[in-house]
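FYI, side chains are in, hydrogens and waters are out, and symmetry mates aren't considered; it's all heavy atoms of this structure. Position 1 is the first residue of the sequence; numbering continues from there.
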Amino acid sequence: SLNITTTSLDDARPEIRSTVSISSDAMQIKWLQPAGLNASVITSYKISLWRLSPGDQEFRAISSNESGTGDLSVVLGGLTPFTTYAVAIAAKTTGGLGPSSANTTFRTDQGGPASPPVN
């Protein structure tokens with residue numbers, strides 16, 4: 001008999017664990033390695049980011065970058081204060097790019113004044 005094992009798509013999806021505000025323009029994203037993929041086959045993670053600007057009806061893709069294999073977190077900087085974003089993570093293997101995690105939305109903090117008020 002022939003034994004064929006396949007990884008379901010859901011098993012190949014990373015899971016976003018948390019979004020932690022570092023400052024009004026930076027956010028740390030942490031995720032879990034896909035349950036169905038051995039760490040040794042993952043070459044990198046692709047992080048996709050979308051922004052919902054005031055007045056927009058839908059999210060606009062603004063960037064995607066890659067993190068190293070061992071990294072299960074990334075700090076996204078240069079964000080706009082008090083703005084809603086969506087992020088998704090996908091694992092890349094030698095066989096190609098796997099399915100993306102569910103999109104997770106977060107809002108950056110409101111920025112404080114650039115300098116103390118002058119009396």
Side-chain angles (χ1 to χ4, degrees):
S1 70
L2 188 61
N3 282 340
I4 299 174
T5 58
T6 57
T7 300
S8 84
L9 282 181
D10 282 342
D11 282 350
R13 291 178 204 279
E15 182 187 332
I16 295 180
R17 241 179 59 213
S18 65
T19 57
V20 179
S21 176
I22 305 285
S23 66
S24 62
D25 66 353
M27 188 72 68
Q28 182 181 47
I29 315 299
K30 293 183 177 183
W31 62 90
L32 298 172
Q33 176 186 314
L37 292 181
N38 189 313
S40 64
V41 303
I42 298 171
T43 57
S44 63
Y45 286 95
K46 180 182 177 192
I47 298 102
S48 300
L49 187 65
W50 297 267
R51 180 173 59 217
L52 185 65
S53 296
D56 281 353
Q57 296 303 308
E58 57 192 38
F59 284 92
R60 294 170 193 248
I62 56 170
S63 74
S64 72
N65 54 40
E66 289 188 18
S67 78
T69 42
D71 299 335
L72 292 174
S73 73
V74 68
V75 173
L76 302 173
L79 304 177
T80 305
F82 207 57
T83 300
T84 301
Y85 290 88
V87 65
I89 312 288
K92 218 173 183 180
T93 69
T94 49
L97 191 62
S100 286
S101 65
N103 286 2
T104 297
T105 59
F106 62 87
R107 176 177 273 203
T108 49
D109 292 338
Q110 193 152 7
S115 58
V118 179
N119 291 336

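- The CG atom of Leu72 lies 8.0 Å from the CD1 atom of Ile42; values are rounded to the nearest 0.5 Å.
- Panel note: side chain Thr43, backbone Thr94; no donor-acceptor pair is recorded below 3.5 Å.
- With hydrogens and angles disregarded, a donor-acceptor distance shorter than 3.5 Å links the side chain of Tyr85 to the backbone of Thr80.
- With contacts defined as side-chain heavy-atom distances shorter than 4.5 Å, the pair Thr105/Phe59 qualifies.
- Between Pro99 and Pro14, the closest heavy-atom pair is O-CD, 3.8 Å.
- For the residue pair Thr83 and Pro81, the shortest heavy atom distance occurs at OG1-O, 3.0 Å.
- Between Ser48 and Ser64, the shortest heavy-atom contact is OG-CB, 3.9 Å.
- Taken from CG in Leu49 to CG in Asn103, the straight-line distance is 10.0 Å, to the nearest 0.5 Å.
- With a 4.5 Å cut-off on side-chain heavy atoms, Ile29 and Thr104 do not count as touching.
- Here the CZ-OG distance, from Arg51 to Ser63, works out to 9.5 Å after rounding to the nearest 0.5 Å.
- At least one donor-acceptor pair closer than 3.5 Å links the side chain of Thr93 to the backbone N or O of Gly95.
- Within the structure, salt bridge (Lys or Arg N to Asp or Glu O under 4.0 Å) contacts touching residues 90-112 (residues at least two apart or in different chains) are Glu66-Lys92.
- Between Ser44 and Ser67, the shortest heavy-atom distance links the atoms CB-O, 3.2 Å.
- At a threshold of 4.5 Å between non-hydrogen side-chain atoms, the residues Phe106 and Leu79 count as touching.
- Residue Ile62 is grouped with residue Met27 when hydrophobic side chains (ILVMFWY) are merged at heavy-atom distances under 4.5 angstrom, including chains of intermediate members.
- Residues Tyr45 and Pro34 are in side-chain contact: their nearest non-hydrogen atoms beyond the backbone lie under 4.5 Å apart.
- Residues Leu76 and Ile47 are in side-chain contact: their nearest non-hydrogen atoms beyond the backbone lie under 4.5 Å apart.
- Of all non-hydrogen atoms in Val75 and Ala26, the two that sit nearest each other are CG1-CB, 4.3 Å.
- Atom CG of Leu37 sits about 8.5 Å away from atom CG of Asp11, to the nearest 0.5 Å.
- The stretch residues 25-35 participates, sequence neighbours left out, in these side-chain hydrogen bond (donor to acceptor under 3.5 Å, both in side chains) pairs: Ser23-Asp25.
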